[in-house]
Amino acid sequence: MPTPTPVVLDCDPGHDDAIAILLAAGSPEIDLRAITTVAANQTLDKVTLNARRICSAAGIPVPIARGCAQPLVRPLYVAEDIHGASGMDGPSFGSISVDVVEDHAIDVMHANMPCTLVATGALTNVAMYLQRYGTTAVREIVLMGGSTERGNTTPYAEFNIYVDPEAAAIVFASGVPVTMIGLNVTHRALVTPAVVARLNALGPLGRTCGELMTFFAATYREVFGFDAPPLHDPVAVARVIDPSLVTCVEAFVGIETTGTFTRGATVVDLQGRLGRTPNARVAVDLDVDGFFDLVIDAVARLT
Ligand code: BDR
Ligand code: CA
């Protein structure tokens, strides 16, 4: 087995972020150094509590550090319609056995460099890190956000980019190798009843995942009319575990920060029409079965 990839997972749990944490912690290909939290799906207090909840339920001992409570320049916009009032509605969690460390998320990132940053929330912490500590120690940024197609928060903006487009612009312009896992791919990772049944068969932790996915399915049905909810964030983790599962192409990605109707849009120049040097690897395809096998195996290892 090759040396595990050192990773700091920056997230806003969030139903799919919770599964991303389990996938990272339960996969031997990843050395999960720390979990950092950022306000987006819900307030910083709520998403940090949720990170502690899922880590306690799964016995994950990695440090958890709080990051930014607000986007760089805008008021916070949360996804209560998708993730509920707690940010991770559905299961009732037991007692919490893991605390947060005192250091700020960006200092914890710094302490764990060199590593890969996997970002599954707004990019506020990552942009703050790059501005404070520079780019050289970051091996790669693999982020769930954006789309080559349409958005899910406005017609052209995906939620994570919409919440903090100025941070996203900093990340994409940073020169660090960036891999963008957008809705065009994550909308193929649908948690069907068959996937929920596989999770439920794994014991208490699997049933907690099943309950998370049942709540997520209900909001995705109500808000978007989806038959099954997309497991966005774990696809970014899967790309680190096994890059062959997520096909990517190099492209220039511009972030719309001032559009009248398009703020937060990722303008992905797949045909090179803008004549700009590519600044990202952009996911365009996913081995769906291979992806869900990784998720199930990881949860099984933690059970
Ligand atoms: C992204 O938005 C959040 O609600 C999810 O956790 C995911 O990171 C999908 O657009
Ligand atoms: Ca997320």
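Throughout, residue positions are numbered sequentially from 1 according to the sequence presented. Order of listing sets the numbers, starting from 1, for every ligand and every atom in it.
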Can you spot which of Met144, Arg150, Glu149 makes a side chain to side chain contact (heavy atoms under 4.5 Å, CB included) with Leu183?
Met144
Take the Ca ion (ligand 2) and tell me which protein N, O or S atoms are nearer than 3.0 Å.
Asp12 OD1, Asp17 OD1, Asp17 OD2, Thr120 O, Asp233 OD2
Answer yes or no for His15: is there a heavy-atom contact with ligand 1 below 4.0 Å?
no
To the nearest 0.5 Å, tell me how far Phe172 CZ sits from Phe252 CZ.
10.0 Å
Knowing that exactly one of Val118, Ile241, Val142 qualifies, which makes a side chain to side chain contact (heavy atoms under 4.5 Å, CB included) with Val7?
Val118
Using a strict cut-off of less than 4.0 Å between a Lys/Arg side-chain nitrogen and an Asp/Glu carboxylate oxygen, indicate whether Glu140 and Arg239 qualify as a salt bridge.
no
If we ignore hydrogens and angles and just use 3.5 Å, is the side chain of His110 paired with the main-chain N or O of Tyr129 as donor and acceptor?
no
Side chain, backbone, both or neither: Asn160 near ligand 1, heavy atoms under 4.0 Å
side chain
Do me a favour and list the nearest non-hydrogen protein atom to atom 2 (O) of ligand 1 with residue, atom name and distance?
Phe159 CD2, 3.4 Å
How far does CD1 of Ile21 sit from SG of Cys55, to the nearest 0.5 angstrom?
5.0 Å
Using a strict threshold of under 4.0 Å (side-chain N to carboxylate O), is an ion pair present between Asp99 and Arg52?
yes
In terms of residue, atom name and distance, what is the protein heavy atom nearest to atom 1 (C) of ligand 1?
Glu158 OE2, 3.3 Å
Is there a donor in the side chain of Tyr162 and an acceptor in the side chain of Asn152, or the other way round, less than 3.5 Å apart?
no
Tell me: protein heavy atom nearest atom 6 (O) of ligand 1, and distance?
Asp16 OD1, 2.6 Å
By number and element, which atoms of ligand 1 are closer than 4.0 Å to a non-hydrogen atom of Thr120?
8 (O)
Flag if over 12 foreign heavy atoms under 6.0 Å of CG, Asp81
yes
Using a heavy-atom cut-off of under 4.0 Å, does the side chain or the backbone of Thr186 touch ligand 1, or both, or neither?
neither
After noting the C-alpha distance and the side-chain angles of Glu166 and Arg74, does the key distance pass the side chain to side chain contact (heavy atoms under 4.5 Å, CB included) rule?
CA-CA 9 Å; Glu166 286 75 19; Arg74 297 176 187 279; 2.6 Å; yes
Where ligand 1 meets His83 - atom numbers and elements under 4.0 angstrom, heavy-atom basis:
3 (C), 4 (O), 5 (C), 6 (O)
Do any nitrogen or oxygen atoms of Asp12 lie less than 3.5 angstrom from nitrogen or oxygen atoms of ligand 1?
no
Arg221 to Phe226 six-membered ring, cation-pi geometry met (6.0 Å, 45°):
no
Using a strict 4.0 Å cut-off to heavy atoms of His232, name the atoms of ligand 1 that fall inside it.
9 (C)
Does the residue Ile82 have a heavy-atom contact with ligand 1, meaning some pair of atoms that are separated by less than 4.0 Å?
no
Hey, are Asn125 and Thr36 close enough side-chain-wise for a donor-acceptor pair under 3.5 Å?
no
Residue and atom name of the nearest protein heavy atom (relative to atom 8 (O) of ligand 1), distance in Å to one decimal:
Asp233 OD1, 2.6 Å
Around atom 4 (O) of ligand 1, find the nearest protein heavy atom and jot down its residue, atom name and distance.
Asn41 OD1, 2.6 Å
